[in-house]
J.: 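One structure coming up, written as structure tokens, with questions to follow.
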Amino acid sequence: MTIATDACNEHRLKVYREIKANEEHLNSLDHDGSKVTFVVDQEIPEPDENLRVFYFDIDNCLYPSSTRIHDLMQIAIVNYFEKQLGLDKVHAEELNRTYYKQYGLAIRGLTLHNGIDPMDYNTLVDDALPLQHILKPNLKLRETLIRLRECGKIDKLWLFTNAYKNHALRCVRLLGIADLFDGITYCDYNHAESLICKPDPAAFEKAKRESGLGDFKNAYYVDDSGSNIKTGLSLGIPKCAHLVEDKVLDVLGKTPEGSIVIKDITDLDKAFPELFQIN
């Protein structure tokens, strides 16, 4: 057995232990909003021209970037490049940046150019993150989303993420808001041949189709990526909020003209005041 193989196997064993601890914690949750109440892979509805849908990005959006989960994710990704592809750290970091800039996700580049199994990648990266030590129930966010639902101006609150469903659902369960959404559009790592992600317009069309939205003019959208917001605006979503907690990161794209900037997800009532007004 080579040294490289030893490192690869050791990496896997460590990750599997972390995943087991993550699953045990997730199964123990009992706070409000800790259970998903919508059907995850629901049947595609007929498009409704009058349906109003609010789309929510998850990572660094429903929780703040200052949690530095993104940094942990980058460490896990670089570890994957090193241990599973046999790259040194410098080349691993460089390839990760290249794929992220080109495709919006490292996994997209890995699938296209390195022939990796996307589900194996998801296991060794996203599933292994110790999110339970970072994310806690956000009562202010829960209150904001409840207000948005109760005002009756939106028909569906819809999760729209580049992550696979495991990670996405774990985030909203830990935040205590998993019961406040009507569905989710996620990056389906199970189908590597058709893997699409934001900012590709095809990902937005997928979210539109899965949520039943008939026309982008009836959509609202919040995301921390300027590139994603730019696509949303170009497709005809009239009001998009770019969440910038601190400063705009070049890799995420600049704030596009025509978008609304907010610093915190609980500022939605400032960005979309018309949605929070009770008639």
Side-chain angles (χ1 to χ4, degrees), residues 10-41 56-84 96 105-107 118-146 157-190 197 222-225 243 245-246 263-266:
E10 183 179 347
H11 175 235
R12 285 183 176 275
L13 289 174
K14 178 184 178 182
V15 168
Y16 293 154
R17 287 193 294 269
E18 292 170 342
I19 291 174
K20 183 179 179 181
N22 295 346
E23 290 176 345
E24 289 175 351
H25 179 270
L26 196 63
N27 291 333
S28 72
L29 297 179
D30 60 2
H31 56 256
D32 288 344
S34 64
K35 308 300 180 186
V36 176
T37 55
F38 57 85
V39 177
V40 176
D41 295 304
F56 291 80
D57 178 46
I58 297 177
D59 290 308
N60 297 321
C61 187
L62 289 181
Y63 62 80
S65 59
S66 56
T67 57
R68 307 196 74 81
I69 289 174
H70 177 78
D71 293 349
L72 288 178
M73 194 175 294
Q74 293 307 302
I75 291 171
I77 292 172
V78 171
N79 279 339
Y80 182 92
F81 277 77
E82 288 186 80
K83 303 299 192 300
Q84 303 305 314
N96 179 34
L105 274 182
I107 191 174
M119 289 305 297
D120 182 61
Y121 170 94
N122 178 73
T123 297
L124 296 179
V125 177
D126 287 4
D127 286 353
L129 296 175
L131 298 179
Q132 66 271 22
H133 300 310
I134 306 168
L135 298 181
K136 306 298 178 185
N138 186 334
L139 299 182
K140 188 175 180 181
L141 172 56
R142 181 172 178 80
E143 179 183 306
T144 299
L145 295 176
I146 289 174
L157 304 188
W158 201 266
L159 297 165
F160 182 21
T161 178
N162 273 351
Y164 185 59
K165 59 185 176 181
N166 294 4
H167 172 79
L169 298 178
R170 187 154 65 112
C171 287
V172 293
R173 291 181 66 186
L174 290 167
L175 289 168
I177 55 174
D179 59 330
L180 299 179
F181 294 91
D182 299 285
I184 181 172
T185 293
Y186 58 90
C187 198
D188 191 355
Y189 296 175
N190 265 314
C197 58
V222 60
D223 200 307
D224 70 303
S225 166
L243 196 154
E245 184 184 0
D246 184 18
K263 289 181 64 68
D264 189 278
I265 190 65
T266 58

J.: Taking all non-hydrogen atoms of both residues into account, name the closest pair between Arg142 and Gly33 and its distance.
T.: NH1-CA, 3.6 Å

J.: Quick one: side-chain contact (heavy atoms from CB on, under 4.5 Å) partners of Glu18, sequence neighbours excluded?
T.: Lys14, Val15, Ala128

J.: Which of these, Thr161, Asp59, Asp126, sits in a side chain to side chain donor-acceptor pair (under 3.5 Å) with His167?
T.: Asp59

J.: Calculate, to the nearest 0.5 Å, the distance between atoms NE2 and CD1 belonging to His70 and Ile77 respectively.
T.: 7.5 Å

J.: Strictly distance-based, threshold 3.5 Å: is any side-chain N or O of Asp182 a donor or acceptor partner for the main-chain N or O of Trp158?
T.: no

J.: Would you compute the distance between atom CG of Leu62 and atom CG of Leu175 and round it to the nearest 0.5 angstrom?
T.: 6.5 Å

J.: If you look at every heavy atom in Tyr186 and Ala163, which pair is closest and at what distance?
T.: CB-O, 3.4 Å

J.: Excluding sequence neighbours, so at least two apart, what forms side-chain contact (heavy atoms from CB on, under 4.5 Å) with Asp57?
T.: Cys61, Lys198, Asp223, Asp224

J.: For Cys171 versus Tyr63, what's the shortest heavy-atom pair and its separation?
T.: SG-CE2, 4.0 Å

J.: Give the intermediate values and the outcome of side-chain contact (heavy atoms from CB on, under 4.5 Å) for residues Leu145 and Phe181.
T.: CA-CA 9 Å; Leu145 295 176; Phe181 294 91; 3.8 Å; yes

J.: Give me each pair satisfying ring pair (Phe, Tyr, Trp, His ring centres under 6.0 Å) with a member in residues 127-146, each pair once, sequence neighbours excluded.
T.: none

J.: How long is the gap from CD on Glu82 to CD1 on Ile75, to the nearest 0.5 Å?
T.: 11.0 Å

J.: Can you see which heavy atom on Asp179 is nearest to which on Gly176, and at what distance?
T.: OD1-O, 4.3 Å

J.: Before giving the answer on side-chain contact (heavy atoms from CB on, under 4.5 Å), spell out for Thr144 and Ile265 the whole-Å C-alpha distance, their side-chain angles and the decisive distance to 0.1 Å.
T.: CA-CA 9 Å; Thr144 299; Ile265 190 65; over 6 Å; no

J.: Asn166: what forms a side-chain contact (heavy atoms from CB on, under 4.5 Å) with it, not counting sequence neighbours?
T.: Asn122, Asp127, Tyr164

J.: Of the non-hydrogen atoms in Asn60 and Ser65, which two are nearest, and what is the gap between them?
T.: OD1-CA, 3.3 Å

J.: For the side-chain contact (heavy atoms from CB on, under 4.5 Å) test, which of Val36, Leu159, Asp41 pairs with Ile184?
T.: Leu159

J.: Sequence neighbours excluded, which residues qualify as side-chain hydrogen bond (donor to acceptor under 3.5 Å, both in side chains) partners of Thr266?
T.: Asp264

J.: I want to check something: taking the side chain as every heavy atom from C-beta on, are Tyr16 and Leu124 in contact at a cut-off of under 4.5 Å?
T.: yes

J.: State the SG-CD1 distance between Cys197 and Ile107, to the nearest 0.5 angstrom.
T.: 9.0 Å

J.: Does any non-hydrogen side-chain atom of Lys83 lie less than 4.5 Å from one of Arg12?
T.: no

J.: Hey, does the side chain of Lys35 reach the backbone of Leu29 with a donor-acceptor pair shorter than 3.5 angstrom?
T.: yes

J.: From Leu26 CG over to Leu131 CG, what is the distance, rounded to the nearest 0.5 angstrom?
T.: 9.5 Å

J.: Quick one: pull up CD1 in Ile58 and CG in Asn162 and give me the separation to the nearest 0.5 Å.
T.: 10.0 Å

J.: Quick check: closest heavy atoms across Tyr189 and Pro118, and the distance to 0.1 Å?
T.: O-CB, 3.2 Å

J.: Under a 3.5 Å distance rule, please check whether His31 uses its side chain to pair with a backbone N or O of Arg173 as donor and acceptor.
T.: yes

J.: Heavy-atom distance under 4.5 Å between the side chains of Ile19 and Thr123, does that happen here?
T.: yes

J.: Using the test side-chain contact (heavy atoms from CB on, under 4.5 Å), find all partners of Gln132 that sit at least two apart in sequence or belong to another chain.
T.: Asn22, His25, Arg170, Leu174

